[in-house]
4 protein chains.
Amino acid sequence: MRADALRNRERIISAAREMFVEQGADVPMDEVARRAGVGNATLYRHFPDRDELIHRVTLHVMERIIDQADSALTEETDAFEALGRFVHAAAEERIGALCPLISQAGDAKDHPETVEAGERLDRAINTLMERARSAGLLRPDVAVGDLMVAVTQLTRPLPGDGCSGFDGYVHRHLQLLLDGLRAPARSELPGSAATLEDLRQLS
Amino acid sequence: MRADALRNRERIISAAREMFVEQGADVPMDEVARRAGVGNATLYRHFPDRDELIHRVTLHVMERIIDQADSALTEETDAFEALGRFVHAAAEERIGALCPLISQAGDAKDHPETVEAGERLDRAINTLMERARSAGLLRPDVAVGDLMVAVTQLTRPLPGDGCSGFDGYVHRHLQLLLDGLRAPARSELPGSAATLEDLRQLS
Amino acid sequence: MRADALRNRERIISAAREMFVEQGADVPMDEVARRAGVGNATLYRHFPDRDELIHRVTLHVMERIIDQADSALTEETDAFEALGRFVHAAAEERIGALCPLISQAGDAKDHPETVEAGERLDRAINTLMERARSAGLLRPDVAVGDLMVAVTQLTRPLPGDGCSGFDGYVHRHLQLLLDGLRAPARSELPGSAATLEDLRQLS
Amino acid sequence: MRADALRNRERIISAAREMFVEQGADVPMDEVARRAGVGNATLYRHFPDRDELIHRVTLHVMERIIDQADSALTEETDAFEALGRFVHAAAEERIGALCPLISQAGDAKDHPETVEAGERLDRAINTLMERARSAGLLRPDVAVGDLMVAVTQLTRPLPGDGCSGFDGYVHRHLQLLLDGLRAPARSELPGSAATLEDLRQLS
DNA sequence: AATGAATGAGGGTTCATTCAT
DNA sequence: AATGAATGAACCCTCATTCAT
């Protein structure tokens with residue numbers, strides 16, 4: 001790929017990520033192109049339709065979240081602290097805004113690359129959780145899917161514009177969740193623990 | 001109001017609530033009308049535009065949630081059990097699908113009726129929380145806004161169709177939240193406690 | 001017809017005339033009904049469709065204009081003064097706003113009542129003009145159709161709202177027209193003199 | 001601008017002008033597009049809404065009328081003949097059908113380009129009138145606004161379709177007006193002379 | 001490869017007219 | 001007779017996607 005084409009591709013993904021965060025997946029494609037500083041047809045050359053664009057943006061954010069999980073694992077000594085750091089870092093990566101998009105992107109969620117990235121993400125977070133669980137700090141009845149769905153949901157932006165003021169509260173709610181995750185369990189959870197793969201097949 | 005008109009109005013609200021839950025606030029108005037079994041112009045006679053329809057649906061659900069809070073307060077003896085019952089009942093009322101709609105309905109969130117219903121909701125839930133807090137069962141550093149936002153977020157449906165399989169997991173996550181809410185607090189929360197009014201003004 | 005029905009009919013015609021003058025023939029029927037203080041279905045009972053309403057309003061104004069012609073004939077001694085008085089009076093009757101409506105009312109302009117009223121109007125104005133012509137005050141190469149079309153056009157309101165400020169100028173332009181009608185003719189007119197019947201058949 | 005886009009733009013303006021003349025400002029936008037041989041969205045790309053389309057069409061016709069005024073000034077020796085030629089030429093440019101549209105186009109009449117074109121038009125016609133007035137051929141108590149409103153009104157098409165037969169009479173009425181404008185004045189005019197700017201501010 | 005331009009399908013809303021009370 | 005309510009067709013406008021330069 002030519003160097004300028006690659007640069008365009010990256011600018012489009014970056015613009016799309018920003019706009020998806022701010023305005024959701026329904027943002028007009030022309031607006032994405034304009035924010036990226038390219039013509040609309042250039043956008044379509046790189047991403048044949050909206051689904052493909054969403055697909056690539058979500059893959060991109062999954063990679064970043066995997067990186068965050070790895071960093072937290074490496075750089076934090078306390079196992080539960082590592083989990084907490086990861087949770088708050090995932091929020092900053094806008095997991096709540098971006099990951100749910102995949103359910104709007106046709107069959108993208110079953111695409112091999114998505115599945116594969118999901119597996120790596122599952123492994124990375126599972127490692128984090130396993131370490132905390134082994135240390136007796138994490139309640140034993142939760143799995144990666146539980147954590148990721150809860151974090152995603154708690155950090156989802158409200159539809160429509162302008163509710164960005166809520167961001168300040170998000171970390172409070174994540175902290176409440178983390179307190180609920182701490183061992184020992186204070187109640188019995190209904191249902192059963194879910195992996196990311198379980199969730200993917202459900203959706 | 002004429003009897004048939006009232007019946008139509010109720011059928012429209014009911015259809016709209018169902019479709020908002022299933023497909024979000026962007027459902028075509030004509031589809032809502034069709035589901036309600038009326039012509040599209042009948043819908044517009046009752047609700048001059050989409051904002052008004054959303055406004056009335058959200059008011060309706062707020063009333064139902066207030067009722068749930070009152071029931072929980074009356075019928076449960078354990079104060080924390082009451083809170084838990086209310087949280088799960090609010091999920092069943094689809095608080096996560098319906099309350100966020102108000103931010104998509106223009107100025108509806110500042111409408112006097114919405115404000116007033118919000119105040120009553122705040123009082124009802126505050127009573128529930130106060131009772132649990134007095135009994136030493138609820139951590140003292142949370143307020144109504146914290147609870148309601150977290151519950152709303154955790155129960156929001158994913159965008160797009162068909163992810164209804166997640167519903168089974170929602171109650172797990174609510175339970176995690178409730179465990180995090182229990183006294184004693186396991187960590188210090190960032191930021192400060194919010195009332196519903198605080199949140200309304202933010203949004 | 002019952003007394004209250006007759007009263008309603010008159011209120012509707014009156015409301016329609018006002019609104020046609022202010023907003024043109026495209027005013028919503030429901031608005032006419034509201035201005036008249038009746039239900040919309042009552043309007044439709046009296047006038048089966050918009051064309052019929054326009055038809056009746058224009059007949060009504062034609063009668064009033066005939067009256068104005070008769071008054072001018074009777075009450076003015078100078079024959080050209082009588083013509084001038086009539087022209088300005090027709091403007092006040094909103095001939096320019098109301099008579100053109102008939103061309104928007106389907107086949108109403110060929111309705112026997114319209115034809116008959118047109119004939120009476122033609123006779124009345126012709127009498128006025130003939131008297132002025134006999135007195136050597138009116139140029140001989142103009143007929144009723146010329147006068148009425150020119151007066152109608154010069155007094156037509158602009159489409160859209162709010163241009164009522166123009167009214168002040170209308171009488172200036174009518175006066176210019178009257179000066180052009182005075183004998184002796186200052187130029188030769190193209191085409192030939194037209195009766196109202198000529199015009200009706202054209203339109 | 002690309003050559004094909006420019007061609008489309010001109011075809012749209014041309015189609016719109018024809019249809020505005022025939023059917024008024026309320027023609028469906030889709031019909032204009034169809035007459036122009038383009039898709040409806042192409043029309044909207046060039047003219048974001050109906051107001052903008054009207055705005056551009058009226059600007060276009062104003063330019064053509066200015067040209068007519070200049071031609072009449074240059075090519076006619078007799079000063080009143082020049083005025084007469086201009087008046088009839090303005091009628092052929094459909095001034096009566098097109099200029100009133102501007103009052104239906106939102107704030108277009110206060111748009112700088114419209115104001116500026118109006119000023120040039122005022123100057124061009126004022127030159128014509130001044131020359132005739134200096135030659136003692138034009139009555140002194142009229143101004144540009146008087147002339148233009150009268151010409152516009154006398155040449156306005158009737159609402160609705162099909163009354164094109166009237167066109168033959170229009171030049172008769174313009175001639176009557178011109179005879180009324182000739183010096184010496186045969187009566188005193190009510191009100192005061194108006195410039196185009198006066199009229200714009202009124203409307 | 002990049003892009004401005006074109007397009008057709010779809011959704012929101014209005015309104016003339018008809019229906020039911 | 002009077003009326004509030006219901007309706008479907010029409011129109012404006014947007015946008016995802018394709019085409020032509």
Side-chain angles (χ1 to χ4, degrees), chain A residues 1-9 26-34 37-51 53, chain B residues 1-9 12 26-34 36-53, chain C residues 1-9 26-34 37-51 53, chain D residues 1-9 12 26-33 36-51 53:
Chain A
M1 185 181 290
R2 259 162 52 175
D4 57 345
L6 187 61
R7 194 166 55 248
N8 276 344
R9 185 181 176 89
D26 297 332
V27 64
M29 296 291 269
D30 282 21
E31 293 293 310
V32 175
R34 200 153 59 82
V38 302
N40 60 351
T42 301
L43 191 161
Y44 278 95
R45 166 174 294 275
H46 286 283
F47 308 96
D49 58 19
R50 177 189 296 275
D51 284 359
L53 178 59
Chain B
M1 187 179 283
R2 251 162 58 176
D4 54 348
L6 188 60
R7 192 164 56 249
N8 276 341
R9 186 182 176 88
I12 291 168
D26 297 331
V27 281
M29 296 290 270
D30 284 20
E31 293 295 310
V32 175
R34 201 153 56 83
V38 301
N40 59 355
T42 300
L43 190 162
Y44 279 97
R45 163 180 282 269
H46 286 282
F47 308 97
D49 57 21
R50 176 187 297 276
D51 283 358
E52 185 68 16
L53 179 58
Chain C
M1 187 180 289
R2 261 163 49 177
D4 57 346
L6 188 60
R7 194 165 56 248
N8 275 344
R9 185 181 176 89
D26 297 331
V27 65
M29 296 291 268
D30 282 22
E31 293 293 310
V32 174
R34 202 154 56 83
V38 302
N40 59 352
T42 302
L43 191 161
Y44 278 94
R45 166 174 294 275
H46 286 283
F47 308 96
D49 58 19
R50 177 188 295 276
D51 284 358
L53 179 59
Chain D
M1 185 180 282
R2 250 163 58 177
D4 55 347
L6 188 60
R7 192 165 56 248
N8 276 342
R9 187 183 175 89
I12 292 167
D26 297 331
V27 281
M29 295 290 270
D30 284 20
E31 292 294 311
V32 175
V38 302
N40 59 354
T42 300
L43 190 162
Y44 280 99
R45 162 180 281 269
H46 286 283
F47 307 96
D49 58 21
R50 176 188 297 275
D51 284 358
L53 179 59

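Below, chains carry the letters A, B, ... as their sequence lines are ordered, and counting in each starts from 1.
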Worksheet item: With no hydrogens and no angle check, is any side-chain donor or acceptor of A/Arg50 less than 3.5 Å from a backbone partner on A/Val27?
Response: yes
Base, sugar-phosphate alone, or nothing: which one does B/Arg2 contact when heavy atoms must sit under 4.0 Å apart?
base
Practice task
Pick base, sugar-phosphate or nothing for D/Asn8, based on heavy-atom distances below 4.0 Å to the nucleic acid.
Solution key: sugar-phosphate
Between B/Arg9 and B/His46, the two heavy atoms sitting closest are NH1-O, 3.6 Å
*asked:* Base, sugar-phosphate or nothing for D/Ala5? Non-hydrogen atoms, less than 4.0 Å.
replied: sugar-phosphate
In this structure, CD1 of D/Ile12 is separated from CE of D/Met29 (nearest 0.5 Å) by 9.0 Å
Separation of E/dT17 atom P from C/Leu53 atom CG, nearest Å, is 10 Å
Check your understanding: What does B/Val32 touch in the nucleic acid at a heavy-atom separation under 4.0 angstrom: a base, only the sugar-phosphate, or nothing?
Key -> nothing
Base E/dA5 to side chain D/Arg45, donor-acceptor N/O within 3.5 Å cut-off:
yes
ask   = So, is D/His46 close to the E/dA6 phosphate, meaning a side-chain N or O under 4.0 Å from OP1 or OP2?
value = yes
Would you please confirm or rule out a distance under 4.0 Å between OP1 or OP2 of F/dA5 and any side-chain N or O of B/Thr42? no
Describe the nucleic acid contact of B/Asp4 in one word from base, sugar-phosphate, nothing, applying a heavy-atom distance below 4.0 Å.
-> sugar-phosphate
Separation of F/dA5 atom P from B/Leu43 atom CG, nearest Å, is 15 Å
When rounded to whole Å, the CE to C1' distance for the pair C/Met29 and F/dG4 reads 17 Å
Walking DNA chain F from its 5' end, the first of A/Asp49 and D/Asp26 to be reached, judged by nearest nucleotide, is D/Asp26
Pairing partner of F/dC12, by Watson-Crick or G-U wobble and under 3.5 Å for both distances, is E/dG11
When rounded to whole Å, the OH to C1' distance for the pair A/Tyr44 and E/dA1 reads 18 Å
Here the distance between atom P of F/dA5 and atom CZ of B/Phe47, to the nearest Å, is 13 Å
In this structure, CG of A/Leu53 is separated from CG of A/Asp51 (nearest 0.5 Å) by 9.5 Å
Which of E/dA5, F/dG8, F/dC12 is nearest the side chain of B/Asn40? It is F/dG8
C/Pro28 has its side chain closest, among E/dG11, F/dC19, E/dA16, to E/dA16
